[in-house]
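Reviewing the structure listed below.
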Amino acid sequence: MITKVDGVRVHGGDELIIKIRAHRPGDRLTLTALRDGTERTLEVVLGSASGS
């Protein structure tokens with residue numbers, strides 16, 4: 001489960017989508033995820049969605 005985007009807490013799926021859509025393809029984001037009781041931080045580069 002993703003708990004933070006760029007260090008800011010995310011409280012649900014809709015909020016996560018809004019935070020990601022506020023960025024452009026190629027932007028780097030730091031995501032914090034909770035898995036098996038352990039928080040991990042990951043750096044991702046956003047891609048783009050195709051219209052097909």
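All residue numbers refer to positions in the sequence shown, counting from 1.
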task: Taking the side chain as every heavy atom from C-beta outward, state whether L29 and I20 have any atom pair closer than 4.5 Å.
output: yes
Interatomic distance, CE@M1 vs CD@E39, rounded to 0.5 Å, equals 9.5 Å
**Q.** Residue pair L46 / R24, side-chain heavy-atom distance below 4.5 Å
**A.** no
Worksheet entry | side chain to side chain contact (heavy atoms under 4.5 Å, CB included) evaluation trace for L31 with V5 | CA-CA 5 Å; L31 303 180; V5 175; 3.8 Å; yes
Separation between OG1 (T3) and CZ (R40), nearest 0.5 Å, reads 12.5 Å
In D6, V10, T41, the residue satisfying side-chain contact (heavy atoms from CB on, under 4.5 Å) with T32 is T41
To the nearest 0.5 Å, atom NZ of K19 lies from atom NZ of K4 at 12.0 Å
Got T38 and L34 here, is their nearest side-chain heavy-atom distance under 4.5 Å?
-> no
Sorted by chain and residue number, the side chain to side chain donor-acceptor pair (under 3.5 Å) partners of R28 (sequence neighbours excluded) come out as E43
P25 and S48 have their tightest heavy-atom pair at CG-CB, 3.8 Å
